[in-house]
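Structure first, commentary second.
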Amino acid sequence: MSQDIYARMRETVLDALRTLAPDLPDDIAARVEVTPTRDPAHGDMATNAALVSAKAARQAPAKIAAGLVAALSLRPEVAEAAAAGPGFVNLRLDPAAFRDLLPGILLAGEQYGDSPLGRGARVNVEYVSANPTGPMHIGHCRGAVVGDALANLLAKAGFDVTKEYYINDAGNQVAALAWATYWRYLQAVGTSLTEDEYAAQVPGGLQYRGDYLIPPAQELLRLHGDSLAGPGKGIAPVEQWLDLVRDFTIDAMMRQVRDDLALLGVNQAVFSSERALVATGVVDRVIAGLEADGLIYQGVLEPPKGKTPDDWEPREQTLFRATQFGDDVDRPLRKSDGSNTYFANDIAYHADKVLRGFPTLIDVWGADHGGYVSRMKSAVKAVSGGKATLDIVLCQIVHIMRGGEPVRMSKRAGTFVTLRDLLEEVGRDAVRFTMLTRKSDAQMEFDLDQAVAQTRENPVFYVQYAHARCRSVLRSAANSFPAQALTPAELATVSLDSLTAEADLVLMRRLASWPRTVEAAAIAREPHRIAFFLYDLAADFHMLWNRGRDDAELRFIQADRPAETLARLALVAATAATIRSGLAVMGVTPVEEMR
RNA sequence: GCGCCCUUAGCUCAGUCGGAUAGAGCAACAGCCUUCUAAGCUGUGGGUCGGUGGUUCGAAUCCACCAGGGCGCGCCA
């Protein structure tokens with residue numbers, strides 16, 4: 001039986017509805033929902049069943065609602081059913097129906113909220129995929145956290161999830177990186193060239209000037225002495241060093257990326273290399289497949305609508321028929337020198353993911369790749385014959401703020417805030433939680449002061465404080481009742497009849513909505529909803545806690561009334577378990593006490 | 001100019017595949033510490049959901065147009 005009391009009631013409602021309207025089409029039945037009421041005055045839950053089925057049943061909504069009220073009133077768990085508004089049926093449950101959820105929550109522990117929704121279907125979530133050309137910075141951080149939490153969320157919702165990172169280690173960018181490392185190497189061996197003189201000889205100019213390439217250059221010096229340098233410590237012919245330096249630098253950068261990600265608590269299982277896809281012929285095979293399907297042609301694109309660049313001229317290119325799959329224009333696959341565009345390799349990469357057996361692909365991208373969404377989706381349709389789907393989660397820009405002012409400079413990298421700086425300043429938990437307190441497709445301000453503040457403004461603190469309070473209560477109870485076992489398994493067996501206060505019910509209703517929150521967030525690919533759920537749950541708990549301030553009889557621990565105390569401890573332990581369940585999705589540590 | 005994203009209280013933001021009187025924090029004002037942690041809680045005031053039309057029994061939510069902000073716009077990855 002489902003953990004989800006709303007899902008169970010939905011089945012009950014559907015049974016009753018089918019009695020009233022035997023020929024109800026399935027697509028109408030699918031629209032029936034049972035949701036928590038926004039206003040407690042309307043009861044515990046409400047259903048739209050009468051409204052959505054009225055047309056198909058050829059009956060007035062009010063009439064169906066009346067029939068549902070009559071049928072549902074007979075159910076033992078329903079204390080009151082009433083028609084309301086244009087045809088809603090409001091249900092007030094016997095409080096025991098909510099109390100009865102607690103044992104299941106206690107026994108499930110962190111697994112509470114796990115859902116069979118995904119039925120074990122495989123999903124590939126690709127995120128971060130920062131180019132290995134430098135330290136991870138703040139621009140990568142949001143995508144890393146959102147992707148990781150989304151992957152955790154989908155796993156909780158019953159999908160078989162693979163977390164993946166795509167290494168863009170092919171193309172001009174990594175060649176430029178090699179030239180930059182080589183400059184640091186020449187400096188290390190004592191070149192007489194100035195940086196400007198060197199830059200003038202680099203194809204495309206010297207693109208990466210950060211200090212972070214000095215350590216790999218030092219390592220090259222240690223391994224190879226000055227053998228990679230040219231006569232007079234100038235530039236040697238590229239055949240003598242470029243491949244070596246490039247591969248060496250990529251390895252060094254990727255080690256750093258993995259280290260940074262590990263600090264953030266992100267550990268992808270699969271790292272796919274663009275170079276490997278090229279080297280093993282995957283790219284050629286995929287392109288050949290598209291060619292065989294007639295999806296590639298030589299053609300000339302129209303200039304961009306409305307804006308013709310000054311240097312625009314008609315040019316014949318190798319194009320992919322993206323427009324056949326919903327894109328606005330066809331997209332180029334080859335550069336004029338005959339090499340593949342990034343898009344061509346990316347098609348192959350996604351085709352590879354499909355071949356590896358993923359019917360659902362999710363990419364988490366930065367907002368600057370927004371213009372890429374429709375072409376990639378069209379490519380996935382093309383290479384999978386429409387059998388695989390690609391969802392793309394775009395993460396908008398994060399502005400780091402301190403004291404109300406934007407923060408731009410980094411002590412290390414000079415031009416951007418590195419991930420490491422951010423982690424050192426506010427810590428992993430605050431970074432992860434805060435990054436999930438906004439919808440990913442909205443821009444966000446990350447307030448450094450707020451992220452470390454120990455007040456209600458700071459959701460990280462507020463939620464962790466609620467968990468710490470739960471644990472504190474359970475520790476105190478162990479002292480007050482040394483003879484009583486207080487394990488979840490024990491608490492799952494105690495009588496809960498004394499949990500009758502409105503604040504108890506508010507909290508239990510919140511706990512009851514956790515499974516549906518997980519499913520809805522997973523379907524919408526919106527991990528931020530978990531953060532908001534936890535914040536609301538924490539507020540409910542803090543409220544309950546504070547009732548004990550006004551009335552000592554409402555405190556959790558009553559030494560002279562063990563039965564009531566155990567019931568309350570069960571509620572507290574269930575709350576703690578649910579918080580841990582949610583924090584696990586977010587990758588945030590539940591703390592035992594605040595210090 | 002074209003495409004995508006965003007616009008909700010003074011500020012920062014939620015709003016469950018369209019649902020009932022649009023919610024929270026901060027800020028403002030008024031209360032609560034001999035206590036299982038006051039790092040918290042309670043209450044008050046504050047919104048034409050950017051604008052105008054449309055679809056619907058019902059729109060912050062869907063559609064069209066307009067305004068403002070962001071991102072992007074043929075051989076960069």
Side-chain angles (χ1 to χ4, degrees), chain A residues 30-31 33 35-39 41-42 46 48 51 54-55 61 84-88 90 131 133 168 170-174 274 300-309 312-315 317-319 328-343 345-346 366-374 394 396-397 437-439 441-445 447 450 453-459 461-462 465-466 468-469 472-477 479-480 513 516-517 519-521 523-524 526 528-529 531-532 535-536 539 542-543 545-550 552 555-557 572 593-594:
Chain A
R31 290 178 55 204
E33 50 185 30
T35 57
T37 54
R38 190 174 292 168
D39 183 346
H42 294 142
N48 63 352
L51 284 165
K55 201 169 278 181
F88 290 102
N90 291 332
N131 294 337
T133 53
N168 295 133
N172 298 332
Q173 205 158 295
V174 285
E274 183 182 5
V300 180
L301 289 177
E302 297 291 313
K305 282 177 190 147
K307 171 197 157 196
T308 305
W312 194 90
E313 57 189 34
R315 180 190 299 143
Q317 292 172 291
T318 303
L319 299 169
D328 300 328
V329 293
D330 292 337
R331 304 291 183 174
L333 296 180
R334 292 216 173 85
K335 307 178 195 174
S336 56
D337 67 2
S339 63
N340 287 332
T341 61
Y342 175 81
F343 180 51
N345 290 357
D346 220 5
D368 54 342
H369 287 61
Y372 224 74
V373 170
S374 57
L394 285 184
Q396 296 289 331
I397 290 174
T437 55
R438 296 286 180 272
K439 263 187 312 218
D441 55 5
Q443 290 181 46
M444 78 177 293
E445 292 189 359
D447 188 324
Q450 183 181 306
Q454 305 213 328
T455 68
R456 181 168 185 170
E457 297 179 68
N458 178 6
F461 166 77
Y462 191 68
Y465 188 34
R469 275 184 156 174
S472 168
V473 170
L474 293 167
R475 282 193 301 271
S476 298
N479 290 330
S480 303
S513 68
R516 68 193 313 278
T517 301
E519 291 187 354
I523 290 168
E526 289 185 343
H528 76 279
R529 295 191 193 187
F532 283 91
Y535 187 78
D536 290 340
H542 287 309
M543 185 181 74
W545 167 288
N546 260 70
R547 282 187 325 143
R549 303 185 53 71
D550 303 326
R555 290 184 192 166
F556 296 117
I557 299 171
V572 170
E593 58 184 331
M594 306 305 289

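Every value quoted in this text rests on a predicted model; they were computed, and no experiment measured them. These values consider heavy atoms only, across backbone and side chains, with no hydrogens, waters or symmetry-generated copies. Throughout, protein chains are lettered first and strands after them, A, B, ... in sequence-line order, and every chain is numbered starting at 1.
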Whether [X] side chain and [Y] backbone form a donor-acceptor pair below 3.5 Å:
X: A:S472; Y: A:A468; answer: no
X: A:N458; Y: A:Q450; answer: yes
X: A:H542; Y: A:Y462; answer: yes

I'd like the [atom1] distance from [M] over to [N], given in whole Å.
N: B:C62; M: B:G70; atom1: P; answer: 23 Å
N: B:G23; M: B:U16; atom1: P; answer: 13 Å
N: B:A38; M: B:G72; atom1: P; answer: 49 Å
N: B:G46; M: B:A9; atom1: P; answer: 15 Å
N: B:C49; M: B:G68; atom1: C1'; answer: 16 Å
N: B:A30; M: B:G69; atom1: C1'; answer: 38 Å
N: B:C26; M: B:U44; atom1: P; answer: 15 Å
N: B:U8; M: B:U48; atom1: C1'; answer: 12 Å

With a non-hydrogen cut-off below 4.0 angstrom, is [X] in contact with a base, only sugar-phosphate, or nothing?
X: A:R331; result: nothing
X: A:I557; result: base
X: A:A170; result: sugar-phosphate
X: A:T455; result: sugar-phosphate
X: A:A531; result: nothing
X: A:A520; result: nothing

Can you tell me how far [atom2] of [Y] sits from [atom1] of [X], rounded to the nearest 0.5 angstrom?
X: A:M594; Y: A:F461; atom1: CE; atom2: CZ; value: 4.5 Å
X: A:R334; Y: A:L319; atom1: CZ; atom2: CG; value: 11.0 Å
X: A:L301; Y: A:Q317; atom1: CG; atom2: CD; value: 5.0 Å
X: A:D368; Y: A:Q396; atom1: CG; atom2: CD; value: 9.5 Å
X: A:L474; Y: A:N479; atom1: CG; atom2: CG; value: 11.5 Å
X: A:T437; Y: A:M444; atom1: OG1; atom2: CE; value: 4.5 Å

Rounded off to whole Å, could you give me the [atom1]-to-[atom2] distance for the [X] and [N] pair?
X: A:N90; N: B:G19; atom1: CG; atom2: P; result: 15 Å
X: A:Y465; N: B:A38; atom1: OH; atom2: C1'; result: 7 Å
X: A:L51; N: B:A59; atom1: CG; atom2: P; result: 13 Å
X: A:R555; N: B:C36; atom1: CZ; atom2: P; result: 6 Å
X: A:R529; N: B:G15; atom1: CZ; atom2: P; result: 6 Å
X: A:N546; N: B:C41; atom1: CG; atom2: C1'; result: 4 Å
X: A:R31; N: B:G18; atom1: CZ; atom2: P; result: 9 Å
X: A:N340; N: B:G74; atom1: CG; atom2: P; result: 19 Å

Looking at [X], does any N or O in its side chain come under 4.0 Å of the phosphate oxygens OP1/OP2 on [N]?
X: A:S472; N: B:U37; value: yes
X: A:N48; N: B:G19; value: no
X: A:H528; N: B:G15; value: yes

Shortest non-hydrogen contact between A:H528 and A:R438, atoms and distance: CB-O, 3.4 Å
Proximal nucleotide (of [options]) relative to the [X] side chain:
X: A:M543; options: B:C6, B:C41, B:C71; value: B:C41
X: A:R315; options: B:G15, B:G74, B:A20; value: B:G74
X: A:D368; options: B:G72, B:G70, B:C76; value: B:G72
X: A:Q396; options: B:A20, B:C41, B:C5; value: B:C5
X: A:W545; options: B:G40, B:G74, B:A38; value: B:A38

For A:R475, is the CZ atom crowded, meaning more than 12 foreign heavy atoms sit under 6.0 Å from it? yes
Report yes if the ring of A:H42 lies under 5.5 Å from the six-membered base ring of B:A20 with planes under 30°, and no otherwise. yes
With A:E274 as reference, evaluate A:N168, A:V174, A:D346 under the side-chain contact (heavy atoms from CB on, under 4.5 Å) test and give the passing residue. A:N168
Non-hydrogen side-chain atoms of A:L51 and A:F88 separated by less than 4.5 Å: yes
Check the orientation of A:Y372 and A:F343. Use parallel for under 30°, tilted for 30 to 60°, and perpendicular for over 60°. perpendicular
Result for 5'-nearest mapping on RNA chain B, choosing between A:P332 and A:P86, is A:P86
Specify the residue among A:V473 and A:L394 whose closest nucleotide of RNA chain B lies further upstream toward the 5′ end. A:L394
Sub-3.5 Å pairs of nitrogen or oxygen atoms, protein against nucleotides 7-13 of chain B:
residue, atom, partner, partner atom, Å
B:U12, O2', A:R438, NH2, 2.6
B:C13, O5', A:R438, NE, 3.1

Mind listing the N/O atom pairs, protein and nucleotides 23-27 of chain B, below 3.5 Å?
none

Give the dot-bracket string for RNA chain B, reading 5' to 3', where a pair is Watson-Crick or G-U wobble with both distances under 3.5 Å, ( ) marks pairs inside the strand, [ ] marks pairs crossing earlier ones, | marks a partner on another strand, and . marks unpaired. (((((((..((((.....[...)))).(((((.......))))).....(((((..]....))))))))))))....
Begin from the C-alpha positions of A:F532 and A:T517 and carry the test side-chain contact (heavy atoms from CB on, under 4.5 Å) through to its verdict. CA-CA 10 Å; A:F532 283 91; A:T517 301; over 6 Å; no
